[in-house]
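Everything quoted here is computed from the prediction, not taken from an experiment.
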Amino acid sequence: MSSFSVRFFAPQQPLLPSTASSFKPKTWVMAAPTTAPATSVDVDGGRLEPRVEEREGYFVLKEKFRDGINPQEKIKIEKDPLKLFMEAGIDELAKMSFEDLDKAKATKDDIDVRLKWLGLFHRRKHQYGRFMMRLKLPNGVTTSAQTRYLASVIRKYGKEGCADVTTRQNWQIRGAVLPDVPEILKGLDEVGLTSLQSGMDNVRNPVGNPLAGIDPEEIVDTRPYTNLLSQFITANSRGNPAVANLPRKWNVCVVGSHDLYEHPHINDLAYMPATKNGRFGFNLLVGGFFSAKRCDEAIPLDAWVSADDVIPLCKAVLEAYRDLGYRGNRQKTRMMWLIDELGIEVFRSEVAKRMPQKELERASDEGLVQKQWERRDYLGVHPQKQEGFSYIGIHIPVGRVQADDMDELARLADMYGSGELRLTVEQNIIIPNVENSKLEALPNEPLLKDRFSPQPSILMKGLVACTGNQFCGQAIIETKARALKVTEEVERLVSVSRPVRMHWTGCPNTCGQVQVADIGFMGCMARDENGKPCEGADIFLGGRIGSDSHLGELYKKGVPCKNLVPVVADILVEHFGAVPRQREEAED
């Protein structure tokens, strides 16, 4: 918006090594994308005309670009979804009965589509009249007070209420009903939280290093940058229409660790720490994404920005995508499709001309992320860079928690730490800033001994699962309970001596990110031994994370869920060095 102005303060930049002779920067290399966009493409000048324009403070698709647009774009044209928040439309909706809301297309579109701009997802198929609410939690950092508030929200909904740690370091809470939403939003604001612009064609939660500020090996503390990004995206939780009408969803991360906990290769924009001529900043990767029809790893933009330009760069990339992105078939509207069409150099030039200085520096060859780095396990107890303090990573089975669990986690954070919790993309939680004198008592707390272990089994610690069809209308199969049950049964059959990451997703939208897993399970309909339809899974194999990242490939199609246990056991023996329990016992 032309009238939009928010003042940001640049984070303190990390000190560069004082002894040049001892400093050997490593060049970070991304595995080749599945389909590399052309470097240079002939693009007609008219194609670079912005397709949106500002009208009365909101960004609207121009009339001449409306042929062939998808239904969601038509809904946005009829009424900008942010008006439900910025013009208090949610207050009026909350007063209406669902029967009345469903009678008119406008209000039905409000509850099923536009409310996603407020982070509210109507569960029409499995929880009619109830909503999942997705928050913004930059870097996954939250407080005990925030956790208690979220617990108080879901508790009132009984068995319908629960919360999930997501694969973007975030909370999703379930069970909310529309009449309660205005009060919930007010309560979020009072504890410093927001759900604004967390769904549909918006920027998702900015991801950073879960060990930011406490890791002895960190490159840079990512928290200031992810906080600035979140503040910019939502205009300090007031709503930012300038970046709220994207062609599709958009993910961003800031890398601060050699471990690449942030998964930069699957983000639309990833900031990779690098120095250039003595200045600290970031090389940039663009275009990584998952979808039902296509998955691609991020590719280099061949650009470097200083730490002071993190927000201007993000703004420029978003504006290029907003202005030029395709708005037809939703399966072809992610940013990588635009990069494919324009070529990386034309896309780069479009970003550059939207920067304040109208240019971009070329990438630095002084990348700070070390390629040869063994990814560390953050579960369990580990020393912090602050002397006398440690953090403890605890395993949250498939990310699911109840209200009492959240209250207890908040109590532990207050009693043993600094009242802070960190969420991770593997759906786990870290309690930082624990005095070493308290380390003996903390693991003996009932919650950690009985449910959320700091030392889970090898297969359990790498287990991730999306919501599944318990709540999600898109999911074909149930995931969370099944993932736990299959893993438990597999562990009875084989002994595994090395970490194996297993991810479950209920449908091809792959919210469970099966392509980055060692073994991935994607829900599908299969046929049993009698040829009858049944719940099944396509199995993916070979995904890697880290500097040698690689997306997994389809290994076996349509395995009935009831047959998965022996199939997974065989995969673990053949590909991951597992030993059948019977043989292990015989050798013992």
Side-chain angles (χ1 to χ4, degrees), residues 126 164 167 290 292 295 395-400 426-428 456-545 550-584:
H126 296 300
D164 291 322
T167 54
F290 292 149
C295 300
H395 177 243
I396 311 296
V398 293
R400 174 62 53 81
E426 292 85 13
Q427 301 179 314
N428 295 313
S457 66
I458 289 179
L459 291 183
M460 282 295 180
K461 73 166 53 178
L463 194 61
V464 169
C466 77
T467 300
N469 68 10
Q470 179 187 5
F471 295 118
C472 179
Q474 300 284 335
I476 300 168
I477 67 171
E478 196 283 323
T479 53
K480 286 189 181 291
R482 179 172 277 130
L484 291 170
K485 185 175 185 291
V486 169
T487 303
E488 289 169 356
E489 293 184 12
V490 168
E491 287 181 328
R492 288 196 283 268
L493 294 179
V494 297
S495 173
V496 182
S497 59
R498 51 169 278 198
V500 179
R501 296 170 301 104
M502 297 195 296
H503 287 213
W504 289 70
T505 195
C507 75
N509 289 318
T510 195
C511 296
Q513 303 175 345
V514 298
Q515 290 87 352
V516 302
D518 294 309
I519 307 173
F521 306 90
M522 179 181 289
C524 67
M525 291 306 295
R527 292 193 179 274
D528 65 15
E529 64 275 12
N530 299 315
K532 294 183 178 180
C534 64
E535 289 193 358
D538 293 334
I539 300 177
F540 289 75
L541 211 59
R544 294 196 303 269
I545 54 178
H550 176 74
L551 298 183
E553 298 177 356
L554 183 63
Y555 172 77
K556 199 174 186 70
K557 275 187 71 68
V559 180
C561 287
K562 64 181 182 179
N563 298 338
L564 280 172
V565 171
V567 173
V568 176
D570 288 344
I571 289 173
L572 288 169
V573 171
E574 293 173 14
H575 297 275
F576 298 94
V579 177
R581 292 284 185 190
Q582 291 178 333
R583 194 178 103 193
E584 182 186 50

- Message: Measuring only between side-chain heavy atoms, which start at C-beta, is Met522 closer than 4.5 Å to Pro508?
- Response: yes

- Close side-chain approach of Met525 and Ile476, heavy atoms under 4.5 Å: yes

- Query: Please, which pairs that meet ring-ring contact (aromatic ring centres under 6.0 Å, His included) have at least one residue in residues 507-541, sequence neighbours excluded?
  - Reply: Trp504-Phe521

- Message: Closer than 3.5 angstrom, by distance alone: can the side chain of His126 be matched with the main-chain N or O of Asn469 as a donor-acceptor pair?
- Response: yes

With a cut-off of 3.5 Å and sequence neighbours excluded, list every side-chain donor-acceptor pair involving residues 551-567.
residue: Lys562; atom: NZ; partner: Glu529; partner atom: OE1; Å: 3.3
residue: Lys562; atom: NZ; partner: Glu529; partner atom: OE2; Å: 3.4

- Count the heavy atoms belonging to other residues, nucleotides or ligands that lie under 6.0 Å from CD of Gln474, then report whether that count exceeds 12. no

- Please answer whether the main-chain N or O of Glu426 pairs with a side-chain N or O of Arg501 as donor and acceptor at a distance below 3.5 Å. no

- Query: Counting distance only, does the side-chain N/O of Asp528 pair as donor-acceptor with the main-chain N or O of Asn530 below 3.5 Å?
  - Reply: yes

Distance-only donor-acceptor pairs under 3.5 Å for side chains of residues 487-494, two or more places apart:
residue: Thr487; atom: OG1; partner: Ala483; partner atom: O; Å: 2.7
residue: Glu489; atom: OE2; partner: Lys485; partner atom: NZ; Å: 2.6
residue: Glu491; atom: OE2; partner: Ser457; partner atom: OG; Å: 2.4

- Message: Tell me if a side-chain donor or acceptor on Lys480 pairs with a main-chain N or O of Ala465 at a distance below 3.5 Å.
- Response: yes

- Heavy-atom pair of closest approach, residues Asp538 and Cys524: OD1-SG, 3.6 Å

- Closest non-hydrogen contact found for Ser495 with Arg581 is CB-NH1, 3.6 Å

- Query: Looking only at atom types and distance, does a side-chain atom of Thr505 sit under 3.5 Å from a main-chain N or O of Cys511, one as donor and one as acceptor?
  - Reply: yes

